Colleague: 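Below is one structure. I have some questions about it.
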Amino acid sequence: MSTGAVLELRGVGRVHGEGPTAVHALRDISLTLRSGELIAVMGPSGSGKSTLLHLAGGLDAPSDGAVLVEGTDLATLSRAELAAVRRRSLGYVFQDLNLIPALTAAENVALPRELDGVRARDARREALDALAEVGVGELADRFPDEMSGGQQQRVAIARALIGPRRLVLADEPTGALDSQTGEDVLRVLRARCDAGASGLLVTHEARHAAWADRVVFLRDGALVDDTGAAPPPEVLLTADGFG
Amino acid sequence: MRSGDRNGADAGEVPQRVPRDAAARARLSGTAVPDMPRLTGHTAYAYLVAMSIRHGLLALLERSPMYGYQLRHEFERSTGATWPLNVGQVYTTLARLERDGLVEQTGESDEDGKVVYRLTDAGHAELTGWFATPLAGADRPRDELAIKVALALTTPGVDVRSVLQTQRTATLRHLQELTRLKAVADGSEDTAWLLVLDSMIFRAEAEVRWLDHSETRLARLAATQRPAGASGPSTAVSTDEPSDEAVRR
């Protein structure tokens with residue numbers, strides 16, 4: 001479980017348009033996300049962060065390179081197979097509007113399991129466990145509009161990782177939250193990754209990105225820098241050792 | 001995971017992430033640099049605290065008379081062991097405080113014959129004044145990073161964006177380290193250490209925000225310059241290198 005790449009981008013590029021007017025949204029991105037790892041992607045708007053997340057989630061296809069989810073090259077899949085991977089292998093958390101308003105927290109979290117074919121009672125039980133894991137077990141029967149933004153995001157994280165799902169793609173999940181609530185959401189994401197999930201997090205908040213094992217920087221569609229995995233403290237202590 | 005971290009910052013029981021963090025914390029507070037604690041290089045913040053050893057010792061003596069080794073121990077404890085002192089520093093500082101009439105020897109000594117110090121009235125007044133007085137901007141160390149970036153901008157052949165990015169990555173690493181320490185410390189009762197950590201986290205975050213802001217400013221500047229063809233009279237980005245770099249985005 002510790003060595004497997006949950007998500008792998010191999011020399012991924014994405015070009016919109018052709019010829020002289022072609023726009024390179026992403027160029028030659030290679031990135032490996034392992035089990036238990038949380039990677040944060042930082043970059044200014046227009047740097048390609050969202051495109052990267054869309055490619056990782058199979059919502060868009062690369063012009064170059066390959067995207068592998070749990071070892072499967074998404075380009076080799078039929079449309080139906082791709083939809084199945086999207087639905088069964090990964091979950092999304094967006095800035096807001098993650099939950100279906102007409103369903104309770106437990107129903108929202110149970111829904112993907114019911115779509116998996118799990119019996120409603122079992123799905124509910126799994127949902128209650130998942131809600132407890134993210135610290136909102138007591139809110140199971142509330143509707144989204146009866147929860148705070150931070151609570152909704154916790155529910156969304158629970159739903160993203162319900163059942164066999166091990167990969168959560170989060171696009172500015174703290175964007176609509178105040179600083180402390182946003183941090184609490186990051187704590188939950190961190191804890192779920194410590195428990196074996198994998199997360200790819202797009203954020204512009206350095207303080208939130210700092211919860212990740214690794215932070216990569218996008219500029220103009222290219223990865224320009226990387227804090228590396230698990231930086232040794234020696235690096236930290238000499239980090240500003242310019243002459 | 002939260003409850004497992006309770007008191008994890010102490011060297012006792014060891015939850016999952018603690019070993020790396022404990023080691024990091026030990027290194028952060030390592031004693032290799034005698035006069036300046038180790039975080040100095042990055043935040044320049046500890047410098048401020050080094051300046052405050054005097055007042056730190058006065059504050060401790062306000063609680064009760066102590067001897068040097070005890071003062072060192074209590075000082076480290078009350079700053080979450082971020083700023084280690086060697087006992088020589090303590091005695092040097094005590095000697096100066098005694099010379100200035102802010103502390104005095106009680107005449108007693110402990111069983112090892114160590115001298116016990118106590119606060120004088122003048123020392124008490126000095127301490128009260130310190131707490132009552134805000135730090136002035138000029139008391140703080142100069143911002144070497146701002147100076148470096150300003151110089152990078154006006155020095156031919158230096159790529160400002162790369163200076164900014166190198167620093168951003170380094171500062172993010174620092175922020176990651178601090179965040180790990182905080183995750184471990186959160187369950188503990190060590191409020192002093194948590195406050196100090198928060199302070200360092202906010203400083204690092206502010207630095208990243210400033211770096212982002214600087215990059216945006218340079219990019220905007222480059223964008224307004226390009227259509228005009230020639231660089232304006234007061235523009236700092238007059239060498240080819242930085243403006244080429246900034247235009248590329």
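Within every chain, numbering begins at 1; the chains are lettered A, B, ... in the order of the sequence lines, protein sequences first and strands thereafter. What you see is a predicted model; the values in this text were computed from it and never measured.
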Colleague: With a 3.5 Å distance limit and no angle check, can you tell me whether B/Gln176 reaches the backbone of A/Asp213 through a side-chain donor-acceptor pair?
Modeller: yes

Colleague: If you measure from CZ on A/Arg187 to CG on B/Asp186, what distance do you get to the nearest 0.5 Å?
Modeller: 4.0 Å

Colleague: With a 6.0 Å cut-off (strictly less than), is the heavy-atom count around CD of A/Glu18, excluding the residue itself, greater than 12?
Modeller: no

Colleague: Could you measure the distance from the CD atom of A/Glu183 to the OG1 atom of B/Thr179? Nearest 0.5 Å is fine.
Modeller: 7.5 Å

Colleague: Examine distances only and state if a side-chain atom of B/Arg173 and a backbone atom of A/Thr227 form a donor-acceptor pair shorter than 3.5 Å.
Modeller: yes

Colleague: Is any side-chain heavy atom of A/Trp211 closer than 4.5 Å to a side-chain heavy atom of B/Arg180?
Modeller: no

Colleague: For the residue pair B/Leu175 and A/Ala206, what are the closest heavy atoms and their distance?
Modeller: CD2-O, 3.4 Å

Colleague: Can you tell me how far CG of A/Asp225 sits from CG of B/Leu164, rounded to the nearest 0.5 angstrom?
Modeller: 12.0 Å

Colleague: Do B/Arg168 and A/Met42 have side chains that get closer than 4.5 Å, going by heavy atoms?
Modeller: no

Colleague: For B/Arg209, is there an ion pair with A/Glu205 - N to carboxylate O distance below 4.0 angstrom?
Modeller: no

